[in-house]
Amino acid sequence: MLWAIRHHVGGLRIGRSVSLFPRHSVSIGMAVGLGAGVVLDASGPHGKITIGDRTHVDRNSVLYGQGGIRIGRGCAIAAGVLVYSQSNRFDVAPDLPILEQGTRYAEVVIGDDVWIGAGAIVLPGATIGDHAVVAAGAVVRGAVEPWKIVAGVPARVINDRRCRALSPDSEPAG
């Protein structure tokens with residue numbers, strides 16, 4: 001489904017040119033915001049995307065939910081974030097072309113109150129715990145524990161939200 005105009009349904013805010021398919025495999029909570037150009041792709045036999053209440057997905061972010069994506073409540077997903085829950089395989093046989101090696105599906109789970117900074121990439125099977133922060137441009141694979149702040153490629157823990165008192169002039173992570 002391609003939304004060409006801004007819609008407000010049950011607190012849902014949808015920007016221009018949002019792609020959502022197939023509609024029956026996408027579940028969106030109350031007061032969710034989807035910025036312009038967001039793509040929610042839950043196609044395929046394992047496809048499913050669930051977005052919790054009061055979560056915002058900013059413009060031009062793409063959620064590839066063919067392996068399943070669950071996003072909690074009150075999350076902020078910045079512009080240009082990519083979330084993958086599937087990947088081409090390359091380990092079946094070295095002499096077999098990539099496109100003949102099949103696809104690996106692994107659900108991505110993002111907890112409540114998570115901030116994912118601009119341009120970050122979340123890979124298949126990743127889990128991001130409640131209250132975590134993923135810095136802009138980070139690549140997340142594996143698990144991010146609750147309250148942790150991660151940055152880099154691959155993402156590594158750089159701090160804990162509970163220990164970080166930000167002054168008004170401090171730079172945010174994303």
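When reading the values below, keep in mind they use all heavy atoms of this one structure, side chains included, and skip hydrogens, waters and symmetry mates.
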- Expected output: side-chain Gln101 to main-chain Leu96 donor-acceptor under 3.5 Å: yes
- Task: Supply the atom-to-atom distance Glu100 CD to Asp95 CG, rounded to the nearest 0.5 angstrom.
- Result: 10.0 Å
- Side chains of Leu63 and Val57: closer than 4.5 Å at any heavy-atom pair? yes
- Message: Please tell me whether Val62 and Ile121 are part of a single hydrophobic cluster in this structure, the criterion being side-chain heavy atoms less than 4.5 Å apart.
- Response: yes
- Message: Using the rule given for side chain to side chain contact (heavy atoms under 4.5 Å, CB included), can you reason through Val134 versus Ile128, listing the C-alpha separation, both sets of side-chain angles and the distance that settles it, and then say yes or no?
- Response: CA-CA 9 Å; Val134 176; Ile128 302 173; 4.0 Å; yes
- Can you name the nearest heavy-atom pair linking Val108 to Gly125, along with the distance? CG2-N, 3.9 Å
- Query: Do you know the tightest heavy-atom contact between Val18 and Gly15?
  - Reply: CG2-O, 3.3 Å
- Within-4.5 Å side-chain heavy-atom neighbours: Val139 and Leu123: yes
- Query: Any donor-acceptor pair under 3.5 Å linking the side chain of Arg161 with the backbone of Val133?
  - Reply: no
- In terms of hydrophobic clusters joined by side-chain contacts under 4.5 Å, are Val38 and Leu12 together? yes
- Look up atom CG in Asp160 and atom CD in Glu145, then write down how far apart they are to the nearest 0.5 Å. 9.0 Å
Check residues 25-36 and write down every donor-acceptor pair under 3.5 Å in which the side-chain atom is one partner and the other belongs to a residue at least two apart or another chain.
none

- Task: Evaluate the side-chain proximity of Lys48 to Thr50: yes if any heavy-atom separation is below 4.5 Å, no if none is.
- Result: yes
- First locate atom CZ of Phe21, then atom CD1 of Ile49, and finally report the distance between them rounded to the nearest 0.5 Å. 8.5 Å
Show the atom names and distances, to 0.1 Å, of all donor-acceptor pairs under 3.5 Å that link a side chain in residues 70-88 to residues at least two apart or in another chain.
from  : atom 1 : to     : atom 2 : distance (Å)
Arg70 : NE     : Glu107 : OE2    : 2.9
Arg70 : NH2    : Glu107 : OE1    : 3.3
Arg73 : NH2    : Asp112 : OD2    : 3.0
Ser85 : OG     : Tyr64  : O      : 2.8
Ser85 : OG     : Gln66  : N      : 3.3
Ser85 : OG     : Gly67  : N      : 2.7
Ser85 : OG     : Gly68  : N      : 3.3
Gln86 : NE2    : Gln66  : OE1    : 3.4

- Side chain proximity check, Ile110 to Ile116, heavy atoms < 4.5 angstrom: yes
- Message: Can you tell me how far apart CZ (Arg59) and CZ (Arg16) are? Round to the nearest 0.5 Å.
- Response: 10.5 Å
- Query: Taking side chain as C-beta onward, heavy atoms only, is Thr55 less than 4.5 Å from Asp53?
  - Reply: no
- Got a second to check how far Trp147's CH2 is from His131's NE2, nearest 0.5 Å? 4.5 Å
- Are Val157 and Ile149 close enough that some pair of their side-chain heavy atoms sits under 4.5 Å apart? no
- Could you list the residues that satisfy side chain to side chain contact (heavy atoms under 4.5 Å, CB included) with Pro146, not counting sequence neighbours? none
- So which heavy atom on Val153 is nearest to which on Gly137, and how close? CG2-O, 3.8 Å
- Message: Can you tell me how far apart CG (Leu20) and CG (Asp41) are? Round to the nearest 0.5 Å.
- Response: 10.0 Å
